[in-house]
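Every chain is numbered from 1, with letters handed out A, B, ... down the list of sequences. The analysis underlying the following values was restricted to heavy atoms, covering all of them including side chains, and did not include hydrogens, waters or symmetry mates. As the structure is a computational prediction, the values presented were derived from the model and not from experiment.
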There are 4 protein chains.
Amino acid sequence: MFKCDGFRRRRKAERPAEILEAAFDAFAARGYAATRLEDVAARAGVTKGTIYLYFSTKEKLFEEMVRSHSAGLLADADAILGRIEGASANRLRGFLRFLYGRCVTDRRGREILRFMIADGKSFPHLVAEHYRDFVLPLLGMVSGLVDQGVAAGEFRADLPRETVRVVIAPTLFLSVIRLIFGDAPPVDEEAYVDAHIELAMTGLLAAPT
Amino acid sequence: MFKCDGFRRRRKAERPAEILEAAFDAFAARGYAATRLEDVAARAGVTKGTIYLYFSTKEKLFEEMVRSHSAGLLADADAILGRIEGASANRLRGFLRFLYGRCVTDRRGREILRFMIADGKSFPHLVAEHYRDFVLPLLGMVSGLVDQGVAAGEFRADLPRETVRVVIAPTLFLSVIRLIFGDAPPVDEEAYVDAHIELAMTGLLAAPT
Amino acid sequence: MFKCDGFRRRRKAERPAEILEAAFDAFAARGYAATRLEDVAARAGVTKGTIYLYFSTKEKLFEEMVRSHSAGLLADADAILGRIEGASANRLRGFLRFLYGRCVTDRRGREILRFMIADGKSFPHLVAEHYRDFVLPLLGMVSGLVDQGVAAGEFRADLPRETVRVVIAPTLFLSVIRLIFGDAPPVDEEAYVDAHIELAMTGLLAAPT
Amino acid sequence: MFKCDGFRRRRKAERPAEILEAAFDAFAARGYAATRLEDVAARAGVTKGTIYLYFSTKEKLFEEMVRSHSAGLLADADAILGRIEGASANRLRGFLRFLYGRCVTDRRGREILRFMIADGKSFPHLVAEHYRDFVLPLLGMVSGLVDQGVAAGEFRADLPRETVRVVIAPTLFLSVIRLIFGDAPPVDEEAYVDAHIELAMTGLLAAPT
DNA sequence: GATGAATGAGACTTCATTCAT
DNA sequence: TATGAATGAAGTCTCATTCAT
């Protein structure tokens, strides 16, 4: 009920973040419409009223939550890209594995995808944002990698348009599988990732002459 | 308001189907939780009470709707499989195109996927059913095609496990894209399908020796 | 579905009575407000619509039912009165036992009492009727018996006013007990009836001088 | 609409009691099934939603209401018993008058009886509770009084079993009369009570030798 | 006469939002 | 800042009543 001052001050500053975290869990668990603000409040350890001190409506809370959790998704992709060295094939391999970690294994990435699919129609602005700030840049990076490989003669020169999307598509498949089946998916994930990378590479690489 | 002769009899027999159809549209549009039975009723051209003559609860209506719309999904896959002739590569190509038509272009297939992702947690039984009755059989068909190709020496013999899932993954990607972006997806779908099939084939085919 | 003509004709004539009987059971089981016309219909072996052929509303059905079931209650009381012979004390004894049979043991009498208590406020006319057609005549009969006994010197001459009501009160007590506890009441009914008659007689009889 | 200082605090503490009071009035007026929560809310001066802050369902509200109103019924019976002095006959007289006040004149006692009769079937647990916590103890008290009188030689030694129930039965009769006919019962209540006590005493007392 | 599909008002219940403290 | 009591609109579900067949 009453807490020492330092603690309290610290809490105050972190409240919004705590609420957003709780909102993520709550909305991920039941979906936007079925989630009660009271659920969020309980998870955050506050009361309903407190949420309204920081977020004007349930919609805004949801939007802010999605934004805050999307924010980091792309953060270190660039860094990773810089760190992975070697031939294009190798860099692409590394980047795909990074994607699996980011968007599949990491719950955050997955659930954001669920929000887009489940509630995107009610939040078109959010979808547009997500596409602009996350999907497009990501596609750009992979495109860069592939183009580089093509330029270097590593990859086939006659790759059809949209190949890039096809290359990353299997990562999304695994995300969806996890979204649907939870943490016990009916897929051998390691074997799947290996198969994906193997197949993609075989498909991309220029035939050894 | 005014009913002509025979109208009533026809209606009685077709009501459930009409309601299920309306339910599909309504639930697809707003998700399970956000859809009001009144929406469904209005779309079906009946009143709320009428729905309860055929479905005992909103949950049951949803379940029946998903079932009735899943039902046909697999029906002609088998037929198609029998109709496509030629080499394994060709048969697989044909089957993948069939999948695109069935699960991506056709709204039914897509929206079922949305229900699984958005509301599967609330209907675990439905998810299990869908996996058993739709996903597994489908995977089996593709597996058969691939195995046949391998046996015939058309496809590489050293294909990693889970390759089959990787091969069909891109179809699901396009489904998801449509689910999120509607009927104006930021993807050139024809090019995408071509790229997918091209890439998959290159990856699968045994290197010409 | 289709019945031989004679049967059908017979049924038609008896329908209203059958429905009233079903209504009695249904209303007695759950009370007026909680009983659905569908319950009544099911018990009567007809459909809801049929009820409306004979009774214009649920209220009217209830009223008719109460009336029809009250009707017989008093019928043979007079006859009984005429049949019981002997001294006034003996006649009163006999009449009280008759009352126990009529209003307590017989489900009809009991449930009518329940309707009066539970739903009388919604059917004041019914209450008035019941009082006029059943309670008052009954009280009159008992009064007659007691007066006769007093006149004959059998009963005390200084009986207070309202003694008659006190004398029959214990029969109603047993009715209520049955209404509340069903057919396994926490009372030894035979002993109770004996005690009642014994006590009443002791209280009424003139002290032997 | 506008709230003065401290108003709120007081309200919070008293709300449940206020609601229970309103519920008593509402349920007594129309019966459990026919009473709308809105009626209760209006009587309590709150809105429907507020009721659910304190009671999870209509059923629970009803049960709590019956319990809270049964609670006091037995409280001072014991005290009364201690206070009344004199011979057993006198003590019994006093106790019967107390019963009339408590269970007949006092609306609380009466309406609880109505709930038992009208809705007991839907709340069997409540009936059992009421019997255990109210009826049995009360019977015990009267039994004690009578036994005492017998032991003292005041009352007849050969009283039949169940006499006790017969002795208090007429109080219940008056309760029922009031339940059915409201506050203008077709009985001269004072005369009735006198007649009851007179008759009971005459029946119980040992013949003066 | 009998049916039962259909209606629609109204019940219970939930929950986003407000606001006095 | 934080609370949580209170609101009231809205949702699911029920059921008396109607009416075409």
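Residue D:Thr35 is in sugar-phosphate contact alone, with no base atom involved, counting any heavy-atom pair closer than 4.0 Å across all strands shown. Within 4.0 Å (heavy atoms only), C:Leu37 reaches sugar-phosphate atoms of the nucleic acid but no base atom.
Judged by distance alone, with hydrogens and angles left aside, A:Lys48 brings a side-chain donor or acceptor within reach of the base of E:dT17, the pair sitting under 3.5 Å.
Ranked by how close their nearest DNA chain E nucleotide is to the 5' end, B:Thr50 and A:Tyr32 are led by B:Thr50. Between A:Tyr52 and D:Glu59, it is D:Glu59 whose nearest contact on DNA chain E lies nearer the 5' terminus.
The aromatic rings of B:Tyr32 and B:Phe123 sit perpendicular to each other, their planes meeting at more than 60°, with 30° as the lower class boundary. A perpendicular orientation is assigned to the rings of C:Phe115 and C:Phe24, their planes being inclined by more than 60° (bins at 30° and 60°).
A salt bridge links C:Asp25 with C:Arg107: at least one charged nitrogen is closer than 4.0 Å to a carboxylate oxygen. Salt-bridge formation is not detected for the pair B:Lys58/B:Glu64: no Lys NZ or Arg NE/NH1/NH2 atom is positioned less than 4.0 Å from an Asp or Glu carboxylate oxygen.
E:dT21 and F:dA2 make up a base pair, with Watson-Crick or G-U wobble contacts both under 3.5 Å.
In this structure, D:Phe55 atom CZ and E:dT14 atom P are separated by 15 Å, rounded to whole Å.
Between D:Tyr54 and F:dA6, a side-chain N or O to OP1/OP2 separation shorter than 4.0 Å is present.
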